[in-house]
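Pasting in a structure now, in structure tokens, and then I'll have a few things to ask.
Below, each value reflects all heavy atoms present in this structure, side chains not excepted, and no hydrogens, waters or symmetry copies. What you are looking at is a predicted structure, and each value in this text was computed from that prediction instead of being measured.
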Amino acid sequence: MIRLTALLCFVFFLSPLMAQDSLHFPTMGRVVEHDPALSNVLEGSEPLQVIAAGFVWSEGPVWMPEEGNKFGGFLLFSDVPKNTIFKWQEGVGITPWMTPSGYTGVAKYSSEPGSNGLTLDNEGRLVICEHGDRRVSVLTADGGGKMTLADRCDGKRFNSPNDVVVAKNGNVYFTDPWYGLPDKEKDARRETPYCGVYLIKTDGSCELLTDEFTNPNGIGLSPDEKTLYVAQSNGQAPIWKAFDIQANGTIANGRLVLNCKDFDVTLPGAPDGFDVSADGTIFSSGPGGIWIIDPAGKLLGRIETGERTANCTFGGKDGSVLYITADTYICRIQTKTKGRNR
């Protein structure tokens with residue numbers, strides 16, 4: 001039997017530019033336990049705090065460590081329709097950090113032109129999936145601007161790179177659905193007939209890993225980086241799959257991790273962005289919030305936000321706070337684990 005293990009509290013609207021005392025953040029949602037092992041990574045009584053709100057569609061959160069900062073760094077995230085990356089910092093609140101973030105053209109482009117997935121490379125630089133400019137870029141150090149990592153494969157432009165993860169060896173893995181194109185899957189600008197999962201190697205070459213997904217979205221690595229996970233945002237096949245990573249960086253032996261249709265959950269949303277903890281637990285957006293899945297594919301529990309939830313990332317001073325982008329909201333919850341890189 002599913003046990004509801006946290007308090008459902010009120011939702012309070014915050015201005016995107018409002019600073020807020022962390023002791024007085026409003027809360028929302030509830031924790032739903034599917035397996036007692038959930039308590040190993042998350043207490044059911046932990047509150048889900050709303051630290052900011054008022055965005056159009058929040059996505060791509062990444063924690064930026066800042067050496068010597070008494071607040072332990074800051075969070076960056078995308079508002080895709082606003083073509084802006086915002087910064088949230090404890091005690092300061094929200095400030096715009098980069099505009100434009102994903103589309104630099106002069107004509108109106110699409111309803112989702114901005115950056116989406118964000119991550120850090122091994123030099124601590126920000127890697128950006130850009131919908132409008134249809135590329136994966138990196139923000140170089142010391143005011144050097146953006147550098148394109150890849151904007152095409154085999155001579156054909158990407159659709160709209162969505163989410164990205166970087167391995168310790170420098171390999172960059174990302175997904176490329178059509179969500180950022182003006183006319184979506186029917187857009188005449190499409191140069192590839194599929195939605196791929198790609199690898200950018202350290203020599204700059206790009207390789208298609210698989211075109212089997214209709215709607216590839218979130219992507220992540222296991223702590224030992226031997227497994228690549230991919231989420232599919234498809235209502236008919238809302239799944240997570242795992243692949244073995246080969247010595248050359250390519251993938252093999254694809255297998256199902258979890259299918260949302262195996263559970264009686266009729267909440268909005270689908271598998272989307274995620275982060276993997278140091279113990280291998282997957283914290284992924286899914287219908288109604290964040291789904292918590294162990295490495296064997298068992299659903300441990302869910303953090304119900306009640307909203308279409310896009311993504312999450314570990315951060316905070318010791319990497320144990322899970323930050324969540326849930327439609328118009330930015331939320332956080334304290335966990336008992338840490339991100340795989342902490």
Contact check, side chains of Thr335 and Val41, non-hydrogen atoms, under 4.5 Å: no
Point-to-point distance, once rounded to the nearest 0.5 Å, from CG of Leu300 to CD of Glu33: 9.0 Å
Does any N or O in the side chain of Asn122 come within less than 3.5 Å of the main-chain N or O of Lys168, such that one atom is a donor and the other an acceptor? yes
When rounded to the nearest 0.5 Å, the distance separating OG1 of Thr140 from CZ of Arg125 is 7.5 Å
Mind checking whether Lys261 and Ile239 have side chains closer than 4.5 Å, heavy atoms only? no
Quick one: does any side-chain atom of Ser160 pair with a main-chain N or O of Pro177 as donor and acceptor, under 3.5 Å? yes
What I'd like to find out is whether the side chain of Glu43 reaches to under 4.5 Å of the side chain of Gln334, using heavy atoms alone. no
Please check: side-chain N/O of Ser58 versus main-chain N/O of Tyr329, any donor-acceptor pairing under 3.5 Å? yes
Using the side-chain contact (heavy atoms from CB on, under 4.5 Å) rule, pick out the option among Asn171, Thr227, Ile245 that qualifies with Leu221. Ile245
Would you call Leu42 and Ile303 a side-chain contact if the rule is heavy atoms closer than 4.5 Å? yes
For salt bridge (Lys or Arg N to Asp or Glu O under 4.0 Å), just list the numbers for Asp176 and Arg134, CA-CA rounded to whole Å, side-chain angles, deciding distance to a tenth of an Å, and then say yes or no. CA-CA 9 Å; Asp176 184 44; Arg134 300 168 67 178; over 6 Å; no
Quick one: closest heavy-atom pair of Asn217 and Asp272, and the distance? OD1-OD1, 2.6 Å
One should read off an interatomic distance between Leu267 CG and Arg308 CZ, to the nearest 0.5 angstrom, of 10.5 Å
Quick one: does Val230's side chain get under 4.5 Å of Ile251's, heavy atoms only? no
Side chain to side chain, Thr95 and Trp88, heavy atoms closer than 4.5 Å: no
Note: Ile85 and Ser78 closest approach over all heavy atoms is CG1-OG, 4.3 Å
Do Cys129 and Asn162 pass the side-chain contact (heavy atoms from CB on, under 4.5 Å) test, and can you show the C-alpha distance, the side-chain angles, and the key distance before you say yes or no? CA-CA 6 Å; Cys129 285; Asn162 184 280; 5.7 Å; no
Is the backbone of Asn159 close enough, under 3.5 Å, to the side chain of Arg190 for a donor and an acceptor to pair up by distance? no
What residue among Ile219, Asp163, Leu199, Ile200 forms side-chain contact (heavy atoms from CB on, under 4.5 Å) with Phe174? Ile200
Tell me whether Lys317 is salt-bridged to Glu90, with the criterion being a basic N under 4.0 Å from an acidic carboxylate O. no
Could you check Arg340 against Glu225 for salt bridge (Lys or Arg N to Asp or Glu O under 4.0 Å), going step by step and ending with a plain yes or no? CA-CA 10 Å; Arg340 67 181 183 92; Glu225 301 196 348; 2.9 Å; yes
According to the interplanar angle, ranging from 0 to 90°, do the rings of His34 and Trp291 count as parallel (below 30°), tilted (30 to 60°) or perpendicular (above 60°)? parallel
Hey, can you pull the donor-acceptor pairs under 3.5 Å for the side chains in residues 144-151, sequence neighbours left out?
residue, atom, partner, partner atom, Å
Lys146, NZ, Ser101, O, 3.1
Lys146, NZ, Glu130, OE2, 3.3
Thr148, OG1, Arg135, NH1, 2.7

Once you round to the nearest 0.5 Å, how far does CE of Met28 lie from CD1 of Ile324? 9.0 Å
If you measure from the Lys or Arg side-chain nitrogens to the Asp or Glu carboxylate oxygens, is any gap between Glu191 and Arg152 under 4.0 Å? no
Under the criterion side-chain contact (heavy atoms from CB on, under 4.5 Å), I'd like the reasoning laid out for Leu126 against Ile128: C-alpha separation, chi angles, the key distance, then a yes or no. CA-CA 6 Å; Leu126 186 66; Ile128 307 170; 3.9 Å; yes
Please lay out, stage by stage, how Leu76 and Trp97 fare under the test side-chain contact (heavy atoms from CB on, under 4.5 Å). CA-CA 8 Å; Leu76 296 179; Trp97 192 78; 3.7 Å; yes
ring-ring contact (aromatic ring centres under 6.0 Å, His included) evaluation trace for Tyr323 with Trp63: CA-CA 9 Å; Tyr323 291 88; Trp63 183 260; 5.2 Å; yes
Could you tell me whether Lys156 and Asp154 make a salt bridge, using a distance below 4.0 angstrom between a side-chain N and a carboxylate O? no
Any side-chain heavy-atom pair of Ser137 and Val127 under 4.5 Å: no
For Glu304 and Val32, indicate whether the former's side chain and the latter's backbone hold a donor-acceptor pair under 3.5 Å. no
Can you name the closest pair of heavy atoms from Phe263 and Leu258 and give their distance? CE1-CD1, 3.7 Å
Which heavy-atom pair separates Thr210 from Leu208 by the least distance, and what is that distance? O-CD1, 3.5 Å
Using 0.5 Å steps for rounding, measure from the CZ atom of Arg157 to the CG atom of Asp133. 7.5 Å
Which class fits the ring pair Phe213 and Phe243: parallel under 30°, tilted 30 to 60°, perpendicular over 60°? perpendicular
Between Lys338 (side chain) and Phe314 (backbone), is there a donor-acceptor pair under 3.5 Å? no
Evaluation steps, side-chain contact (heavy atoms from CB on, under 4.5 Å), between Glu123 and Val138: CA-CA 11 Å; Glu123 299 178 40; Val138 61; over 6 Å; no
Indicate yes or no: at least one non-hydrogen side-chain atom of Phe158 is less than 4.5 angstrom from one of Cys153. yes
Apply the side-chain contact (heavy atoms from CB on, under 4.5 Å) test between Phe55 and each candidate in Asp327, Thr84, Ile94, Val80; give the one that qualifies. Ile94
For the backbone of Gly102 and the side chain of His131, can you confirm whether one donor and one acceptor N or O come within less than 3.5 Å of each other? no
Heavy-atom closest pair (Lys184 atom, Tyr179 atom, distance to 0.1 Å) is NZ-O, 2.6 Å
Give, for atom OH of Tyr173 and atom CD of Glu207, the distance between the pair rounded to the nearest 0.5 Å. 9.5 Å
Between Gly60 and Thr325, what is the shortest heavy-atom contact and its length? N-OG1, 4.4 Å
